[in-house]
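Input: a single structure, listed below in structure tokens.
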Amino acid sequence: MTPPDVPVPDGLTHVHTGKVRELYRLPDGRLLMVASDRISAFDFVLDTTIPDKGRVLTAMTVWWFERLASLVPNHLISVDDPLIPNEWRGRAMICTPLRMVPVEAVARGYLTGSGLLDYQRSGAVCGVPLPAGLVDGDELPAPIFTPATKADLGEHDENVSFETVAATVGIETAERLRDLTLAIYAAAAEIAAERGIILADTKLEFGHDAAGEIVLGDEVLTPDSSRFWPADDWRPGRAQPSFDKQFVRNWLTSPAAGWDRASGAAPPPLPADVVEATRSRYVEAYERLTGKDFADWLS
């Protein structure tokens with residue numbers, strides 16, 4: 001649904017290709033962000049796509065933007081503007097241009113993923129000390145801000161300390177990022193909990209608008225940028241069942257995939273049953289969180 005699958009419509013200038021999204025500039029200077037069905041894992045964009053994934057990401061982002069608007073402004077202008085090509089409806093957003101902050105703003109309420117690896121090495125995550133004896137999936141005493149570098153395509157984001165962020169963007173911006181990230185996480189975690197879902201962690205991106213105000217951009221609280229766990233299946237000390245792309249990561253590192261992550265070789269294609277199960281998890285995340293039928297999105 002995005003280049004090179006379809007020609008770029010007249011009047012759009014291609015600006016950037018990300019792991020999942022394509023970015024275009026409209027003649028009036030606004031941006032058109034298109035979410036493809038590509039999926040990435042372990043810093044690789046896989047050859048296999050997940051049907052409807054881009055539409056799920058867009059639908060969830062729009063839903064969360066509406067609920068977070070009282071906390072922070074966002075870059076969304078429209079999802080149904082006639083300038084959006086019909087082929088991209090439901091997966092495209094017209095957005096305000098932002099000068100993006102070169103930091104991945106991450107909040108963690110539970111210990112897992114790269115945070116768990118950091119903790120196992122040092123007893124801390126991004127310089128934040130944690131109690132001894134924590135295991136995979138444990139809830140933290142309080143949510144923590146654990147920023148990361150924003151790596152180029154094909155490179156790996158690296159967890160960094162708050163002090164590193166402050167040295168990069170200035171203390172005032174760093175404090176604002178931390179406060180906004182933790183406030184967004186708290187609000188979203190409460191909403192998710194009401195629906196029987198644990199928000200384990202989430203990654204946010206911010207930018208400055210023309211007036212210099214910090215604005216929430218990109219996607220927000222999707223299965224690509226967050227870990228969502230069914231609350232009734234939460235059991236610390238193991239990998240948690242999830243509504244996110246952890247399912248793909250788990251398959252890729254299983255014997256069934258026959259892939260050595262340390263080899264440097266690209267991951268193998270996903271089998272049809274993994275594709276369908278992944279799509280189902282993305283759709284279920286949307287429907288459980290929003291209470292809406294995905295089939296009705298922009299119908």
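Bear in mind the structure is a predicted one, so any value in this text is a computation, not a measurement. These numbers come from the heavy atoms of this one structure, side chains and all, not from hydrogens, waters or symmetry mates.
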Note to self: Does D47 have more than 12 heavy atoms from other residues, nucleotides or ligands lying within 6.0 Å of its CG?
What the structure shows: no
Item checked: side chain to side chain contact (heavy atoms under 4.5 Å, CB included) partners of D232, counting only residues at least two apart -> P230
Next item on the list: Would you check if L57 and V20 make a side-chain contact, meaning some heavy-atom pair closer than 4.5 Å?
Entry: yes
Margin query: Taking D52 first and then R279, would you say they form a salt bridge - that is, a charged N and a carboxylate O separated by under 4.0 Å?
Written below: yes
Notebook entry, point to check: Is any side-chain heavy atom of M33 closer than 4.5 Å to a side-chain heavy atom of D218?
Noted result: yes
Check: Should D209 and R99 be marked as a salt bridge (Lys or Arg N to Asp or Glu O under 4.0 Å) after you check the CA-CA gap, both sets of side-chain angles, and the distance that decides it?
Finding: CA-CA 6 Å; D209 64 11; R99 179 169 49 87; over 6 Å; no
Note to self: Return the CD1 to CZ distance between I184 and R67, rounded to the nearest 0.5 Å.
What the structure shows: 14.5 Å
Next item on the list: Rounded to the nearest 0.5 Å, what's the gap from CG on L204 to OG on S226? Could you check?
Entry: 7.5 Å
Margin query: Looking at R38 and E22, is there a salt bridge between them, counting it only when a charged N and a carboxylate O are closer than 4.0 Å?
Written below: yes
Next item on the list: Please name the residue in the list D136, D201, D244 that meets the salt bridge (charged side-chain N to carboxylate O under 4.0 Å, His left out) test with R227.
Entry: D201
Notebook entry, point to check: Can you find a heavy atom in the side chain of Y24 that is under 4.5 Å from one in the side chain of H16?
Noted result: no
Check: Have T164 and S161 got a donor and an acceptor in their side chains that come within less than 3.5 Å?
Finding: yes
Check: What is the minimum heavy-atom distance between V248 and A41, and which atoms define it?
Finding: CG1-CB, 4.5 Å
Margin query: Please check if the number of heavy atoms outside E194 that lie under 6.0 Å from its CD is greater than 12.
Written below: yes
Next item on the list: Would you check if the side chain of R288 reaches a backbone N or O of G196 as a donor-acceptor pair within less than 3.5 Å?
Entry: yes
Checklist line | L180 reachable from V160 in the ILVMFWY side-chain graph, under 4.5 Å edges | finding: yes
Notebook entry, point to check: Rounded to the nearest 0.5 Å, how far apart are NZ of K245 and CD1 of I50?
Noted result: 10.5 Å
Next item on the list: Taking the side chain as every heavy atom from C-beta outward, state whether F294 and V56 have any pair of such atoms under 4.5 Å apart.
Entry: yes
Check: Atom CG of L289 and atom CD1 of I191: how far apart are they, to the nearest 0.5 Å?
Finding: 9.0 Å
Margin query: So that I know where these two stand, are W234 and Y110 an aromatic pair - ring centroids less than 6.0 Å apart?
Written below: yes
Next item on the list: In plain terms, say whether R91 and D37 are close enough for a salt bridge, that is, a side-chain N and a carboxylate O under 4.0 Å apart.
Entry: yes
Margin query: Between R108 and T146, do the side chains contain a donor N or O and an acceptor N or O under 3.5 Å apart?
Written below: yes
Notebook entry, point to check: In Å and rounded to the nearest 0.5 Å, what is the CG to CG distance from L111 to L130?
Noted result: 6.5 Å
Next item on the list: Assess the side chains of S280 and E284: does a donor N or O sit below 3.5 Å from an acceptor N or O?
Entry: no
Note to self: Please report the interatomic distance CZ(F243) to CZ(R281), rounded to the nearest 0.5 Å.
What the structure shows: 8.5 Å
Notebook entry, point to check: Can you name the ring-ring contact (aromatic ring centres under 6.0 Å, His included) partners of F65, sequence neighbours left out?
Noted result: H75
Notebook entry, point to check: Relative to each other, are the rings of W259 and F42 parallel, tilted or perpendicular (30° and 60° limits)?
Noted result: tilted
Checklist line | Check ion pair K53-D224 (N to O, under 4.0 angstrom) | finding: yes
Note to self: Using every non-hydrogen atom in the two residues, find where E205 and L216 come nearest and quote the distance to one decimal.
What the structure shows: O-CD1, 3.6 Å
Note to self: Listing request: all side chain to side chain donor-acceptor pair (under 3.5 Å) pairs with a residue in residues 169-185, at least two apart in sequence or in separate chains.
What the structure shows: none
